[in-house]
Amino acid sequence: MQAVLNPPQEEAVEHIDGPLLILAGAGSGKTRVITCRVARLIEKGIPPYHILAITFTNKAAGEVRERVDDLIGYGSESVWVSTFHSLCVRILRQHIERIGYGTNFTIYDTEDQKRMVKEVIRFLNMDPKLYPERRLMAEISKAKEQFISPHEYDLQAQGDYRKMQTAKAYTEYQRRLHNNNALDFDDLLYKTVQLFQDCPDVLEQYQERFRYIMVDEYQDTNEIQFLLVRQLARKYRNLCVVGDDDQSIYKFRGANIKNILNFEQEYPEAKVIKLEQNYRSTGNILAAANEVIRHNQGRKEKTLWTAQEAGDLIQYKQYENEYQEAEQTAYQIRELQIRKNRNYRDFAILYRTNAQSRVLEEKLLMNNIPYKIYGGQNFYARLEVKDLLAYLKTIANGYDDVAVKRILNVPKRGIGATTTAKIDTYAMAQEISFLDALYQAENVPGIGKAAAKIQKFTDLISDLREILASGASISELFDEILERTGYKEALVTEHTEESMNRIENIEELRNKIVQYEEETEYPSLDELLEEIALIADIDSLNSSDDRVALMTIHSAKGLEFPYVFLCGMEERLFPSNMAICSEDADALEEERRLCYVGITRARERLFLSSARQRMMNGSSNYNMISRFVQEIPQELLDMGGYKKAVEREAAPKTSSHISEIFTAKPAYGKAFTVTRAERLEYQVGDRVKHMKFGNGIVEDIKSGGKDYEVTVDFENYGIKRMFASFAKLKKLEN
DNA sequence: CACAGGTCTCTTTTT
DNA sequence: GAGACCTGTG
């Protein structure tokens, strides 16, 4: 990390009034400039209260927050640092009544959204073959991103039958959200912009409050975010945006690269500053990144440079298949970790698609390398977690039909689809919520014996609400839910590997609730649910945890690691087949930008690899080496790879199980949560079971720092040393 | 009503 | 390879 600001950084920090565009290349000290600028503003006498910094992820917000606090100390807490989404939630909780919602609205995630869209399709008798929910969801989302209301959408759709149908679905979907007092992710932005448009007095209040606004990752803002920022900055025009057009990788999500490219048109008086000195990567890594991105048209001309030395060459290897790629990646990490005495957290394995993580995970697991997979299935999206959250949501907001329907028959209460449909019809006719209809079940025609079962459910909800109202904490309420529904007990009885995993997740959820209660002065169920709704997996990336990080390149944006492995450098995978086939030339350029982002995550060493043969969607593919590899000049690459890899494979002792590795069946597709073993359930001499290596006898247990190192003699694999927290050995009763 | 087993489709990235 | 959907059986 640099000691003093360089001249352009200094210039950016010094700029106080009026619009400012900072074009910050990868690793050019962007966060530093943002935080120093906040400090400078305050030094110049601007009250912290008037400063707003917007980021994309909670993680980035947390980082900025932390550094601002360090830099400023007293008063820093009134600087508002937040993501777009949480900023909007805070505003809406205050004022959403002005546009006809209740302030205790719930937030729907993608899955809730999907359930709702599905219902809409059925309700409107649309053909799900012609209108798959995925497409409808994408259409609706796209409309909202562009601030197009259902009505407007309908007007634009005239003459196009397809679009007219979509308009109907959009209208009905939005009507239902409103009835449920729920907002989806897109609504958070949409409704805020709408609020500001409809209520100029509210807007003015925030314009006065946020006189100095900064937006990070501006290249990834979409239309509605652009509109929101424009509204807020319109009065004082003290808007500072930071971004890098070369790192724009969210076009598929509506990001409009023009927001940054046309900033000077929107704000003609804007000052533009380029940060081109990279403080992160070695010369060779940076040279490779520059060469790759140079192949793109239509970018703002700039070239990153570094004062660092060239460093090692970039390694490129082609492997026979993805299993070998994964195995060798794991092997190299282990070697580097030992020989260079590095921590596991210094390594990241990045890939284009989440599907690639499974094989990598399997090989890391077999080599006893601790890892964590970020992204993919979010913790809060797991079935059991969502079920329990649905109970909490039902208790918090009885209008949330999606939550109520989710849990009505979970665990099984013998209430099936037929009964649900009858209740639904009744609710619709009476214009009441689904939960209220359940409370009136005896009035529902043809309900028969189901009425008694339903009453048991409504009694349960009433009881739980009572418990909360009488002053129980959220964690106490949570325990009551587990107890009274028998949810946990059912899993305990099931006693399969899967059910045990679910129990662990439930316990983790409980921990998060307790943690929330401990660190919040006035905990409330509404607030807890809101925080959870806005959490992304990547936010939990925690550098004190010594593990290799696995994630998509998208998730890695904004992060850096000493050692980076970019796997799957193959045509049709990266760049993706879709991008290659696309009519739109920019699709390929976006892939290239993504590659640029991937390369520039590396500080010291970069490893590229591809597989000759790879299973994709169930069938075998032979893909060519990615064009992005070819775009890196040969002199930057160390291609000696493949042969050496094979030689090394044979040499070390750890290779005893390599032949087994190639024939191993893929691991069951789920993320592993690794918890530190407090005390072990086994001791020396016990028979234990390992997920992969099967049965064995514990030879030795050593307490190494915060973990135990266990030596086990396996019946089929011989002696292995592993960390207890990771190996998850199960004691066997003989 | 619950569940098991079959067939079908569609494949990217996620705040 | 996974998820959605359908169908038949208990």
Side-chain angles (χ1 to χ4, degrees), chain A residues 54-61 82-89 107 109-111 113-115 118 121-122 128-129 132-135 137-138 141 144-145 184-189 216-217 220-222 224-225 248-255 350-359 374-378 381 383 409-421 448-450 453 533-539 551-558 568 572-582 587 590-591 593-595 597-598 615-621 665-670:
Chain A
I54 306 175
T55 63
F56 265 79
T57 63
N58 293 305
K59 180 169 171 58
S82 126
T83 64
F84 269 108
H85 293 273
S86 57
L87 169 75
C88 290
V89 172
I107 301 166
D109 69 10
T110 320
E111 203 211 302
Q113 215 177 330
K114 199 165 157 191
R115 282 171 178 247
K118 212 181 280 178
I121 292 170
R122 214 168 326 162
K129 291 243 158 51
E133 73 246 15
R134 284 179 64 108
R135 250 189 79 174
M137 282 166 73
S141 184
K144 289 185 181 179
E145 273 162 12
D184 64 20
F185 276 123
D186 300 312
D187 276 343
L188 295 176
L189 277 302
D216 192 11
E217 307 279 15
D220 285 328
T221 49
N222 57 26
I224 193 119
Q225 288 163 334
S248 162
I249 54 173
Y250 283 109
K251 190 178 177 209
F252 72 94
R253 208 173 64 192
L350 309 181
Y351 35 79
R352 176 68 241 265
T353 67
N354 279 308
Q356 288 167 257
S357 69
R358 203 187 314 108
V359 178
Y374 296 89
Q377 169 92 308
N378 184 326
L383 180 102
N409 198 29
V410 174
K412 300 268 178 290
R413 296 186 177 88
I415 306 168
T418 330
T419 308
T420 309
K449 284 179 288 184
K453 296 173 187 166
L534 297 177
I535 282 176
D537 219 22
I538 197 73
D539 299 331
M551 65 188 90
T552 62
I553 305 169
H554 280 93
S555 305
K557 192 166 69 130
R572 301 179 65 206
L573 179 61
F574 191 27
S576 74
N577 196 32
M578 267 177 141
I580 292 170
C581 300
S582 173
E590 175 139 322
E591 296 281 311
R593 290 192 290 270
L594 189 58
C595 182
V597 168
M615 288 292 268
M616 284 166 86
N617 318 320
S619 62
S620 209
N621 285 70
K665 293 212 175 60
Y668 192 54
K670 65 190 164 194

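Residue numbers begin at 1 in each chain, while the letters A, B, ... track the order of the sequences.
When rounded to the nearest whole Å, the span between CE of A:Met137 and P of B:dT12 equals 14 Å. The nearest whole Å value for the distance from the CG atom in A:Asn621 to the C1' atom in B:dC10 is 15 Å. The interatomic distance linking A:Arg134 (CZ) with B:dC10 (P) rounds to 10 Å, in whole Å. Distance A:Asn577 CG to B:dT12 P: 10 Å, rounded to the nearest Å. Rounded to a whole Å, the CG atom of A:Leu350 is 19 Å from the P atom of B:dT12. Note: CD (A:Gln356) to P (B:dT11) measures 17 Å, nearest angstrom. Taking atom NZ on A:Lys251 and atom C1' on B:dT13, their separation rounds to 14 Å, with Å as the unit. As a whole-Å value, the separation of A:Lys129 NZ from B:dT7 C1' is 11 Å.
Ionic pairing of A:Glu217 and A:Lys557 is present here: one or more N-O contacts between side-chain nitrogen and carboxylate oxygen are shorter than 4.0 angstrom.
Remark on DNA chain B: of its neighbouring residues A:Glu590 and A:Thr419, the 5'-side contact belongs to A:Thr419, judged by nearest-heavy-atom nucleotide. With DNA chain B read from its 5' end, the first of the two nearest nucleotides for A:Thr353 and A:Lys412 is the one closest to A:Lys412.
Exactly one of A:Val89, A:Leu87, A:Ile54 qualifies for a side-chain contact (heavy atoms from CB on, under 4.5 Å) with A:Ser82. That residue is A:Leu87.
Under the 3.5 Å distance criterion, the side-chain polar atoms of A:Asn409 are matched with a main-chain donor or acceptor of A:Ile415.
Here B:dA2 is the nucleotide among B:dT12, B:dA2, C:dC5 with the atom lying nearest to any side-chain atom of A:Asn409. Set against B:dT14, B:dT12, C:dC5, the side chain of A:Arg352 has B:dT12 as its closest nucleotide. When distances are taken from the side chain of A:His554 to each of B:dT13, B:dT11, C:dA4, the shortest belongs to B:dT13.
Side-chain contact between A:Thr55 and A:Phe84: absent, with no pair of heavy atoms (C-beta onward) separated by less than 4.5 Å.
In this structure, A:Lys557 does not reach the B:dT14 phosphate: none of its side-chain N or O atoms is under 4.0 Å from OP1 or OP2. Listed pair A:Thr552 / B:dT12 fails the phosphate criterion, with no side-chain N or O lying under 4.0 Å from OP1 or OP2. OP1 or OP2 of B:dC1 sits under 4.0 Å from a side-chain N or O of A:Thr418. A:Asn354 has a side-chain polar atom (N or O) that falls below the 4.0 Å cut-off from OP1 or OP2 of B:dT13.
Using a 4.0 Å heavy-atom criterion, one finds that A:Lys114 contacts the sugar-phosphate atoms exclusively.
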Q. Going through the checks in order, is the side-chain hydrogen bond (donor to acceptor under 3.5 Å, both in side chains) test met by A:Ser141 and A:Asp186?
A. CA-CA 7 Å; A:Ser141 184; A:Asp186 300 312; 2.8 Å; yes
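The gap from the P atom of B:dT13 to that of C:dA4 amounts to 16 Å, rounded to the nearest Å. Taking atom C1' on both B:dT12 and C:dC5, the two are 25 Å apart, rounded to the nearest angstrom.
Per the stacking criterion (ring centres < 5.5 Å, plane angle < 30°), A:Phe252 does not stack onto the base of B:dT12.
Ring centroid separation for the pair A:Tyr374 and A:His554 does not come in under the 6.0 Å cut-off.
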